[in-house]
Amino acid sequence: MAKGKNTTVFFCQNCGHESPKWLGQCPGCRQWNTFVEEKVTAGSQGKSNGGADREKNKPAALSEISLEEEDRISTHMQELDRVLGGGLVRGSLTLVGGDPGIGKSTLLLQVCRNLSEDKRQVLYVSGEESLKQIKIRANRIGEFGACLKLLCETSLETIEETIRHTKPDVVVIDSIQTMYHESISSAPGSVSQVREATSVFLQLAKGLNTAIFIVGHVTKEGTVAGPRVLEHMVDTVLYFEGDRYAAYRILRGVKNRFGSTNEIGVFEMASSGLKEVFNPSEFMLSGKPEEASGSVVVCSLEGTRPMLIEIQALVCHSNFGIPRRQTIGTDFNRVNLLIAVLEKRLGLSLGNCDAYVNIAGGIRIQEPATDLGIAMAIVSSFKNKVIDSKMIVVGEVGLSGEVRGVSMVQARVQEAKKLGFTLCVIPSVCMDSVKEIKGIRIIGVKNVREAIDLL
Ligand code: TYD
Ligand code: MG
């Protein structure tokens with residue numbers, strides 16, 4: 001692109017692919033009709049190297065780099081710290097995505113409050129709410145110190161100047177889609193605006209060693225609106241998700257340059273903001289029926305954390321030729337596969353039955369270790385036999401009905417013990433890897449039939 005010239009380019013709204021002319025189908029992501037025209041002023045592009053002072057930049061040996069004693073800042077929210085990989089890293093750029101109304105602004109305002117109590121300089125920039133509206137929200141959350149400064153602004157230049165001038169420790173930008181750069185003529189939220197804004201914040205974060213949070217809205221498809229490039233530019237991507245109707249929210253790391261992406265943080269939306277849920281198992285099992293068939297507790301691993309979850313199944317006679325199968329919170333095809341295994345390997349005639357499987361609490365689980373639990377819940381409902389309410393089940397089920405090993409069985413058994421369970425059914429191949437724990441019986445099973453016989 002020629003310097004100093006206003007050019008018109010076309011961007012794919014889906015993946016950010018750039019093209020000098022309009023295209024019906026994007027060559028990058030193969031989506032149709034996603035190109036929009038945007039004016040780009042050359043010169044504003046291509047300065048996003050994130051480096052600090054150019055003159056000072058020299059290659060350095062790893063051994064010469066000193067880690068300052070305090071490169072991670074605790075947000076005083078254990079759940080968030082864990083997802084971030086042990087605290088907020090100075091100079092990092094974190095993108096927080098999520099559906100509207102899920103609690104992104106609330107979470108970040110609470111983070112600001114905790115940090116400002118630690119006497120850290122915090123700047124909260126809102127392009128969506130007025131100062132009064134933020135104040136109303138803040139009043140629900142609690143007392144705020146003087147170290148937190150608010151700014152209602154959408155102009156990138158002004159924000160950049162403020163940050164350079166005040167040099168805060170932490171900055172929150174709510175949201176990236178409302179920020180605009182005057183030299184770019186396209187509307188706020190467009191691909192080039194979002195890209196420009198992110199690159200400005202990236203430079204500020206690296207240059208001033210300021211940790212910056214960016215709030216990003218999510219499209220219907222569940223990705224942060226704007227180009228995918230955004231996710232590549234930032235250090236950490238967190239998604240805040242959950243059922244709008246259930247009180248709990250889950251913060252999930254999707255990308256993290258400073259830690260694992262498997263961790264989740266669980267929060268509960270209360271009248272005074274978000275509360276951390278330290279024991280999600282207890283939360284997920286509350287309200288579990290005592291003597292009902294079709295209900296079983298499984299232990300699923302979310303990152304390094306075992307979580308007990310109740311699986312419910314309802315199997316009933318189908319009134320139609322084609323039986324109805326429905327799943328909530330788990331993979332539909334996986335459940336169909338398990339039903340097929342039960343039919344073939346156990347000879348259950350499920351072919352003329354409707355089957356519904358629900359993961360209680362509105363959470364979504366994907367882990368194959370919950371297979372055996374799903375299978376047992378289906379059989380329990382089919383035979384109308386109650387499963388021992390003090391039992392948990394873990395194991396992956398293969399197509400020939402064998403129960404395959406799962407990881408971290410010990411941690412799962414311990415979690416069960418903590419919540420007062422007395423019986424664990426695990427794959428027999430994992431029997432060697434678990435140490436005996438007092439007060440809990442562990443049974444190894446080789447195949448689904450052995451597990452069903454325990455009913
Ligand atoms: P918000 O943080 O504004 O969501 P986002 O920034 O992701 O769009 O969250 C708004 C929702 O949270 C709203 O539905 C009201 C609810 N809420 C509470 O239940 N309790 C509270 O203390 C606060 C501040 C919000
Ligand atoms: Mg908001």
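For ligands, and for the atoms within them, numbers begin at 1 and follow the listed sequence. Atom set for the values below is all heavy atoms of this structure, side chains included, hydrogens, waters and symmetry mates excluded.
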Crowded around Q78 CD? As in, over 12 foreign heavy atoms under 6.0 Å?
-> no

Is the closest N or O pair between G101 and ligand 1 shorter than 3.5 Å?
-> yes

Side-chain donor-acceptor contact under 3.5 Å, E291 with S389 = no

Do any N or O atoms from the side chain of R72 and from the backbone of G87 form a donor-acceptor pair under 3.5 angstrom?
-> yes

State whether D118 and R113 are salt-bridged, where the test is any N-O pair (Lys NZ or Arg NE/NH1/NH2 against Asp/Glu carboxylate O) under 4.0 Å.
-> no

Nearest candidate to atom 3 (O) of ligand 1, where distance is taken over non-hydrogen atoms, out of K104, H217, R137 = R137

Which atoms form the tightest heavy-atom contact between M391 and F421, and what is the distance?
-> N-CD2, 3.7 Å

Considering the heavy atoms of S272, write down every atom of ligand 1 situated less than 4.0 Å from one of them.
-> 22 (O)

Quick one: which of I141, L274, T106 has a heavy atom closest to atom 25 (C) of ligand 1?
-> T106

What distance do I141 atom CD1 and L107 atom CG have between them, rounded to the nearest 0.5 Å?
-> 9.0 Å

Contact summary for P289 and Q312, nearest pair of heavy atoms | CD-NE2, 4.2 Å

G273: numbered ligand 1 atoms lying under 4.0 Å from its heavy atoms = 21 (C), 22 (O)

Provide the closest heavy-atom pair for V397 versus L338 in the form atom of the first, atom of the second, distance.
-> CB-CD2, 3.8 Å

Could you walk me through whether R120 and D169 pass the salt bridge (Lys or Arg N to Asp or Glu O under 4.0 Å) test, one step at a time?
-> CA-CA 6 Å; R120 296 194 195 280; D169 295 306; 5.2 Å; no

Could you tell me whether E129 and ligand 1 have an N or O pair separated by under 3.5 Å?
-> no

Contact (N/O only, under 3.5 Å) between P100 and ligand 1 | no

Taking the non-hydrogen atoms of G98, is any one of them nearer than 4.0 angstrom to ligand 1?
-> no

Take K104 and D174 through the salt bridge (Lys or Arg N to Asp or Glu O under 4.0 Å) test and state the conclusion after the steps.
-> CA-CA 9 Å; K104 300 179 294 294; D174 191 359; over 6 Å; no

Set of side-chain hydrogen bond (donor to acceptor under 3.5 Å, both in side chains) partners for R364, sequence neighbours left out | none

Give a yes/no on ligand 1: does S175 have at least one heavy atom closer than 4.0 angstrom to it?
-> no

Could you tell me whether A270 and ligand 1 have an N or O pair separated by under 3.5 Å?
-> yes

How many protein N, O or S atoms are found at a distance of less than 2.8 Å from the Mg ion (ligand 2)?
-> 1

